[in-house]
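Scroll down for the structure; my scribbles are underneath it.
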Amino acid sequence: MNVFNEFKKIVNVEIEDMVASGDLPSGLDLSRIAVEPPRDPSHGDLSTNAAMVLAKPAGRKPRDIADLLAARLATRDEVMGAEVAGPGFVNLRLASSVWYARLAEALRAGPAYGDSALGVGKRVNVEYVSANPTGPLHVGHARGAVVGDALAALLEKAGYAVDREYYINDAGAQVDQLAASAFLRYLEALGEPATDETFARFCPGQEWAYRGDYLVPVGQALAAAEGERLRDLAPEDWLPPVRAFAIAAMMDLIREDLDSLGIRHALFSSERALVEAGRVDEALADLEVRGFVYTGVLEPPKGKAPEDWEPRPQTLFRSTEFGDDVDRPLKKSDGSWTYFASDIAYHFDKYKRGFADMIDVWGADHGGYVKRMKAAVQAITGGEGALDVKLCQMVNLLEDGQPAKMSKRAGTFVTLREVVDRVGKDVVRFMMVTRKNDAQLDFDLIKVTEQSLENPVFYVQYGHARAHSALRNAAETFPDLDSGREALAEADLGGLTDPDELGLIKLIAGWPRQVELAAEAHEPHRLAFYLGDLVSAFHSLWSRGNKETDLRFILPEDPSLTAARLALVRGVALVIASGLAVFGVEPVEEMR
RNA sequence: GCGCCCGUAGCUCAGCAGGAUAGAGCACCAGAUUCCUAAUCUGGGGGUCGCAGGUUCGAGUCCUGCCGGGCGCGCCA
């Protein structure tokens, strides 16, 4: 239960009652009324702007409305105090019993605590990674992979039915180059040297684009499977089978990489399959019927005119109808569809599969593509579909402040696998969501393995481990005490009266709200910051026990209060675990 | 030249769909360990929220224009 939403309902009821009794005119717009935690906790537990929002339309002074509203709210059992402050805020102070009930609810819910009904009945498709099948994933992909996966988990927690999807770009010129590069390794396995000369001889007109070692085993496997059969075929004959073989091998590689991060997509969609099934033609025919396709000539980009620019008629999508800057080409000069065209078909396909809500997670270098894709989704779904694009900025990989070295194996980049093997999956997963997706991220391979405050992963994990340490110690002091969450939910929590204890309970009570806010904004990073705040408050309370021994969690002389304190400790632990679960990070119960 | 993203403390960044006196970590200074894990905690200094207008009860947040940085800009994906 989200306390703030509950009180928003209560405020609305009171407002409607004030309308009924003539204190307010009818027909007011209540949508802008917010019930939020005040920034300054000394202002109380909840705050509403209702009086200020309604003042103008009601033709009354904000303070007057606030006074009436506060008086009404003050009569409720859960409300200990209702004050009018500032320009017309109504600040509420809630009875401790309200907070105890939230803690008990958290304990009963366990890992499901924070689950929301926000998205119940709604389907959303999250497409992420979608790296070209031309090699292993690199660190840049890790961010999109983790952000997409965390976003999917977050939306699931908020009640949405989520599909995780990967779009395989296996239809363009890049995969032909992959095939050629793999063919060279095949020849190498048969005894030819892998040189530019060999490549030029066997793959005329192609470019040896993928030189990394990772294609060597692919060549060997090809040789083992096909023998020398492919060797003397014409390029147009060996290319399709080699391409299919290489793509399959690359996707296996990528799936293994994703698996090392614990990421499993529900569906891998193939661009080539889409094209070969005629779905691009269908989608574009549909778009044409809707009147968004025409033949025209584009202006050259100002200030950056390509050398070989010449105006020529093209098949264009009228994306300017939907806010794009220019109309976008759908066909190449050889008559085949552009990548954009097949991407339109792909998003149309997702829509037809039942996903009106789509989220794509892309690298920032695709930023120039966002407007046209959103425009296309608008056009092809007749305004029914909605696409949100999350752009992930670069990850600066560092080693103790210096740029990290390149990978030998992959040729030009640091692979995701190297990083995961070195620092661990949980560190990678957590660090990637400690920043907004659209802000650049420094990832220091040294610092993330240090055990310090600079390392948010350890800070949060330590909080979880400490909580479990207290629970273990309690079991020794009180062998008969049941510290399971169901039992603790029944404990008398009335002894939790210290402001820091109540503050911690309020943080726990705020978890469902955090989940909903983060889900609505499509911003999983917010939960990472929330976890930091929660753990900080817990560490702080723990430390107070050093000096103020009556504040310790385990009180050998007082089993009843100990039970209440353990309820709090377990509540903290389960919210941490619940949050880490969204990130796919394993909470640890012991760190020594 | 155009579009998108970013600009908040010395550094790295939060800022909860416009709310009250703008926060955290690092770094710096000063403290806490016969203690349930000091991998932690407490206190202190430090700000023209890039600049200038605008919208309104109220702007770091929204709009416009500049400045600075990143990304992108017809038949690459």
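The sequence lines fix the lettering, A, B, ..., with proteins before strands; numbering per chain opens at 1. Treat the numbers as computed from the prediction; the structure is a model and nothing was measured.
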> So does A:K350 pair up with A:E165, basic N to acidic O under 4.0 Å?
Replying inline: no

>> Please evaluate residues A:L496 and A:R565 with respect to the criterion side-chain contact (heavy atoms from CB on, under 4.5 Å), reporting the C-alpha separation (whole Å), side-chain torsions for both, the decisive distance (0.1 Å), and the verdict.
In response: CA-CA 7 Å; A:L496 302 175; A:R565 297 251 165 96; 4.2 Å; yes

> Considering only side-chain heavy atoms of A:P37, which listed nucleotide, B:A39, B:G15, B:C16, is closest?
Replying inline: B:C16

>> Quick check for you: among B:U37, B:C41, B:A77, whose closest atom lies nearest to any side-chain atom of A:A465?
In response: B:U37

> With a non-hydrogen cut-off below 4.0 angstrom, is A:R544 in contact with a base, only sugar-phosphate, or nothing?
Replying inline: nothing

>> Classify A:Y369 by what it touches in the nucleic acid, base, sugar-phosphate, or nothing, heavy-atom distance under 4.0 Å.
In response: base

>> Need one value for A:E36: base, sugar-phosphate or nothing, where a base atom within 4.0 Å counts as base even if backbone is also close, heavy atoms only.
In response: sugar-phosphate

>> At less than 3.5 Å, do the side-chain atoms of A:N91 and the base atoms of B:A20 form a donor-acceptor pair?
In response: yes

> Considering only B:C36, B:U40, B:G19, which nucleotide approaches the side chain of A:A470 most closely?
Replying inline: B:C36

>> With rounding to the closest Å, how many angstrom separate the C1' atoms on B:A22 and B:C66?
In response: 25 Å

>> From the set B:A77, B:A20, B:C41, return the single nucleotide nearest to any side-chain atom of A:S536.
In response: B:C41

>> Apply side-chain hydrogen bond (donor to acceptor under 3.5 Å, both in side chains) to residues A:Y167 and A:D360 and explain how you reach the verdict.
In response: CA-CA 10 Å; A:Y167 184 50; A:D360 289 356; over 6 Å; no

>> Distance check needed: B:A32 P versus A:K547 NZ, whole Å only.
In response: 8 Å

> What nucleic acid atoms does A:E299 come within less than 4.0 Å of, heavy atoms only: base, sugar-phosphate, or nothing?
Replying inline: nothing

>> Using the side-chain heavy atoms of A:S540, tell me which of these nucleotides is nearest: B:C6, B:G3, B:U42.
In response: B:U42

> Quick one: do A:R544 and A:D498 make a salt bridge, cutoff under 4.0 Å?
Replying inline: yes

> Given the P atoms of B:G50 and B:U61, what is the spacing between them in whole Å?
Replying inline: 8 Å

> In whole angstroms, how far is the P atom of B:C5 from the CD atom of A:E523?
Replying inline: 13 Å

> Is A:S333 near enough to B:C75 that one of its side-chain N or O atoms lies under 4.0 angstrom from OP1 or OP2?
Replying inline: no

> Would the number of heavy atoms belonging to other residues, nucleotides or ligands and lying under 6.0 Å from CD of A:E548 be above 12?
Replying inline: yes

> Phosphate oxygens OP1/OP2 of B:U37: is one of them under 4.0 Å from a side-chain N or O of A:N473?
Replying inline: yes

> Is a side-chain donor or acceptor of A:D170 paired with a backbone partner of A:E271 at a separation under 3.5 angstrom?
Replying inline: yes

>> If you only use heavy atoms from C-beta on, which nucleotide in B:A77, B:G15, B:A38 is closest to the side chain of A:R526?
In response: B:G15

> Between B:G1 and B:G19, how far is it from one P atom to the other, in whole Å?
Replying inline: 35 Å

> Given the rule that a pair is Watson-Crick or G-U wobble with both distances under 3.5 Å, how would you write RNA chain B in dot-bracket, using | for pairs to a different strand?
Replying inline: (((((((..((((.....[...)))).(((((.......))))).....(((((..]....))))))))))))....

> Taking the six-membered ring where the residue is Trp, are the ring centres of A:F553 and A:F538 under 6.0 Å apart?
Replying inline: yes

> Of the candidate nucleotides B:C4, B:A77, B:U37, which contains the atom at the shortest distance from the side chain of A:K371?
Replying inline: B:C4

>> Determine whether A:N169 and A:Q174 satisfy the following criterion, side-chain hydrogen bond (donor to acceptor under 3.5 Å, both in side chains), listing intermediate values before the conclusion.
In response: CA-CA 9 Å; A:N169 300 132; A:Q174 291 186 10; over 6 Å; no

>> What is the distance, to the nearest angstrom, from the CZ atom on A:R435 to the C1' atom on B:C6?
In response: 14 Å

> According to the interplanar angle, ranging from 0 to 90°, do the rings of A:H468 and A:H464 count as parallel (below 30°), tilted (30 to 60°) or perpendicular (above 60°)?
Replying inline: tilted

>> Can you give me the closest heavy-atom contact between A:V275 and A:S342, atom names plus distance?
In response: CG2-CB, 4.4 Å

> NA contact type, A:S47, heavy-atom cut-off 4.0 Å: base, sugar-phosphate, or nothing?
Replying inline: base

>> Please evaluate residues A:L527 and A:F583 with respect to the criterion side-chain contact (heavy atoms from CB on, under 4.5 Å), reporting the C-alpha separation (whole Å), side-chain torsions for both, the decisive distance (0.1 Å), and the verdict.
In response: CA-CA 9 Å; A:L527 300 186; A:F583 300 139; 3.7 Å; yes

> Is there a donor and acceptor pair, one atom on the side chain of A:R472 and one on the base of B:C36, closer than 3.5 Å?
Replying inline: no

>> Counting the atoms with a prime plus P, OP1 and OP2 as sugar-phosphate, which does A:G172 contact under 4.0 Å by heavy atoms, base, sugar-phosphate, or nothing?
In response: sugar-phosphate

>> What's the closest nucleotide to the side chain of A:N49 if the choices are B:C41, B:C36, B:G19?
In response: B:G19

> If we take the C1' atom in both B:A9 and B:G53, what is their distance in whole Å?
Replying inline: 27 Å

> Where the side chain of A:W542 is concerned, which of B:C16, B:G72, B:C36 is the nearest nucleotide?
Replying inline: B:C36

> Can you find an N or O donor on one side and an acceptor on the other, under 3.5 Å apart, linking the side chain of A:R466 with the base of B:C36?
Replying inline: no

>> Using a 4.0 Å heavy-atom cut-off to protein, can you give one letter per nucleotide of nucleotides 54-61 of chain B, 5' to 3': B if the base is in contact, S if only the sugar-phosphate is, - if neither?
In response: --SSB-B-

>> Closest-nucleotide mapping onto RNA chain B: is A:D40 or A:L441 further toward the 5' terminus? I mean the 5' end.
In response: A:L441

> What nucleotide, of B:G74, B:C16, B:U37, holds the atom closest to the side chain of A:P329?
Replying inline: B:G74

